[in-house]
Number of protein chains: 2
Amino acid sequence: MNKENNLSKNQQIVFDIIEKSREPVKAYSILFNVKKKGIKAPPQVYRALEKLIKLGKIHKVESKNAFVACKSSNCEISKATAFSICETCEKVTEISDKKLSKYLKNFHDKTGMIYKKYNLEFYGLCTTCKRS
Amino acid sequence: MNKENNLSKNQQIVFDIIEKSREPVKAYSILFNVKKKGIKAPPQVYRALEKLIKLGKIHKVESKNAFVACKSSNCEISKATAFSICETCEKVTEISDKKLSKYLKNFHDKTGMIYKKYNLEFYGLCTTCKRS
DNA sequence: TTTCAAATGTTATATTATTACATACTGTTA
DNA sequence: TAACAGTATGTAATAATATAACATTTGAAA
Ligand SMILES: [Zn+2]
Ligand SMILES: [Zn+2]
Ligand SMILES: [Zn+2]
Ligand SMILES: [Zn+2]
């Protein structure tokens with residue numbers, strides 16, 4: 001365990017990769033990149049990912065099977081995630097919008113189901129790609 | 001082509017499976033179920049799925065890698081999808097809530113990105129599982 | 001009837017994720 | 001300290017999901 005932040009060795013290694021990346025990282029890309037650090041097999045990566053998600057340090061972008069570090073300091077444990085995804089350049093940005101999250105946290109459907117978590121993914125054109 | 005609805009043979013076969021199911025269906029479960037109808041290989045299923053999604057006849061539940069028939073008559077071509085997913089029984093329901101979809105269609109982030117599409121997945125406890 | 005786009009058939013392979021089991025490390029408590 | 005529980009690690013094998021590539025067929029329209 002790393003005393004600073006409670007991450008184990010493998011968890012820290014995996015987190016560092018994701019945190020440094022400017023784009024969502026795929027599990028096998030992580031695996032490839034950490035071979036030199038002694039992580040050799042998929043389960044080691046997937047376990048670290050699972051824990052990091054539980055801790056809210058990273059999120060999975062479901063439609064891309066890829067992982068991003070949490071950029072929104074207020075989602076300690078990630079129960080409410082929103083992303084914008086550019087369909088052209090594939091850039092992914094975490095949306096932290098108080099109003100949006102409030103709206104969605106308070107949303108109830110007709111059936112009376114209890115919502116504990118949500119994930120929202122917007123697809124479109126980022127400002128850079130819009131211009132070109 | 002089936003004149004009734006513009007679906008090709010394979011598309012119709014795949015759609016029928018999904019439509020009849022009370023739960024989201026996985027691609028390889030479809031494949032298994034259509035072997036008897038002459039569809040033998042993954043690409044045949046994935047192509048049909050892709051087309052059906054484009055047509056808005058089905059949606060992919062991203063966090064489950066599974067497919068459901070569209071229940072909301074107003075999403076002809078599916079650019080705005082929302083689901084509720086029970087974490088206990090895995091039941092998935094398409095949410096059609098005018099206010100919600102209006103809110104999300106009009107949502108804009110700070111960056112000025114243009115949104116063309118979204119997918120929202122709520123996780124929680126359905127009314128049945130809540131009781132037990 | 002030529003033509004073109006869409007759909008199909010087929011083989012192989014790529015990518016993503018989990019199972020299963022053995023071992024080691026960590027902190028807590030008897 | 002010794003025993004214990006919970007967490008983390010290492011490793012091999014395999015399951016599950018998805019796509020590439022290429023040949024062929026079909027169907028509607030010009
Ligand atoms: Zn976050
Ligand atoms: Zn872009
Ligand atoms: Zn729908
Ligand atoms: Zn349920």
Side-chain angles (χ1 to χ4, degrees), chain A residues 1-18 21 23-68 77 90 92 119 121, chain B residues 1-18 21 23-68 77 90 92 119 121:
Chain A
M1 283 292 194
N2 176 335
K3 287 295 161 60
E4 307 291 311
N5 53 17
N6 280 341
L7 297 185
S8 74
K9 178 175 135 280
N10 287 0
Q11 288 157 17
Q12 188 67 56
I13 291 170
V14 169
F15 180 65
D16 287 346
I17 298 268
I18 297 172
S21 171
E23 20 177 79
V25 198
K26 304 218 152 208
Y28 275 72
S29 150
I30 295 170
L31 179 57
F32 179 83
N33 279 290
V34 298
K35 285 259 168 81
K36 57 196 98 140
K37 304 220 174 190
I39 296 181
K40 287 169 189 157
Q44 296 172 291
V45 170
Y46 280 100
R47 282 172 193 146
L49 290 171
E50 186 181 23
K51 191 62 193 289
L52 291 167
I53 288 170
K54 222 173 250 163
L55 295 172
K57 309 273 293 177
I58 66 168
H59 306 303
K60 181 173 186 180
V61 182
E62 292 289 352
S63 63
K64 301 184 84 66
N65 298 316
F67 305 85
V68 294
I77 288 163
E90 309 261 292
V92 172
N119 178 57
E121 300 182 4
Chain B
M1 281 295 195
N2 176 334
K3 288 294 164 58
E4 307 290 310
N5 52 19
N6 278 343
L7 297 184
S8 74
K9 178 175 135 278
N10 287 1
Q11 289 158 17
Q12 188 67 54
I13 291 170
V14 168
F15 180 66
D16 287 345
I17 300 266
I18 298 172
S21 171
E23 19 177 79
V25 198
K26 304 218 154 209
Y28 274 74
S29 150
I30 295 170
L31 179 56
F32 179 82
N33 281 289
V34 298
K35 285 259 167 82
K36 56 193 98 135
K37 305 223 174 190
I39 296 181
K40 288 169 187 156
Q44 296 172 290
V45 171
Y46 280 100
R47 282 173 195 147
L49 290 171
E50 187 181 21
K51 190 63 192 289
L52 290 166
I53 288 170
K54 223 173 249 164
L55 294 171
K57 310 274 295 176
I58 65 168
H59 305 303
K60 180 172 187 182
V61 183
E62 293 289 353
S63 64
K64 301 184 84 67
N65 297 316
F67 304 85
V68 294
I77 289 163
E90 308 261 292
V92 173
N119 178 58
E121 300 182 6

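In the text below, chain A, chain B and the rest are named by the order of the sequence lines, each starting its count at 1.
- Atom-to-atom, NZ of B:Lys37 to P of C:dT8 comes out at 14 Å; the value is rounded to the nearest Å.
- The nearest pair of heavy atoms linking B:Lys64 to B:Lys26 is O-NZ, 3.1 Å.
- Atom pair B:Ile30:CD1 and D:dA16:P shows a separation of 16 Å (rounding to whole Å applied).
- Rounded to whole Å, atom P of D:dA15 lies 15 Å from atom CZ of B:Phe32.
- The distance from atom CD of B:Glu50 to atom P of D:dT19 is 8 Å, rounded to the nearest whole Å.
- Computed from coordinates, the B:Lys54 NZ to C:dA7 C1' distance equals 12 Å when rounded to whole Å.
- We find the CD-CG distance between B:Gln11 and B:Leu55 to be 7.0 Å, quoted to the nearest 0.5 Å.
- Not one side-chain nitrogen or oxygen of A:Lys51 sits closer than 4.0 Å to the OP1 or OP2 atom of D:dT7.
- The phosphate of C:dT8 (OP1 or OP2) has a side-chain N or O of B:Ser8 nearer than 4.0 angstrom.
- Note: B:Leu49 CG to B:Gln44 CD = 12.0 Å, rounded to the nearest 0.5 Å.
- Here the CD1-CD distance, from B:Ile17 to B:Gln12, works out to 11.5 Å after rounding to the nearest 0.5 Å.
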Q) Which parts of nucleotides 9-18 of chain C does protein reach within less than 4.0 Å, heavy atoms only, written one letter per nucleotide 5' to 3' as B for base, S for sugar-phosphate only and - for none? A) BBB----BBB
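- Remark: A:Asn10 CG to A:Lys37 NZ distance equals 11.0 Å, nearest 0.5 Å.
- In this structure the side chain of B:Glu23 never reaches within 4.5 angstrom of the side chain of B:Glu90, judged on heavy atoms.
- The nearest whole Å value for the distance from the CG atom in B:Leu7 to the C1' atom in C:dA6 is 13 Å.
- To the nearest angstrom, P of D:dT9 lies 11 Å from CD of A:Gln12.
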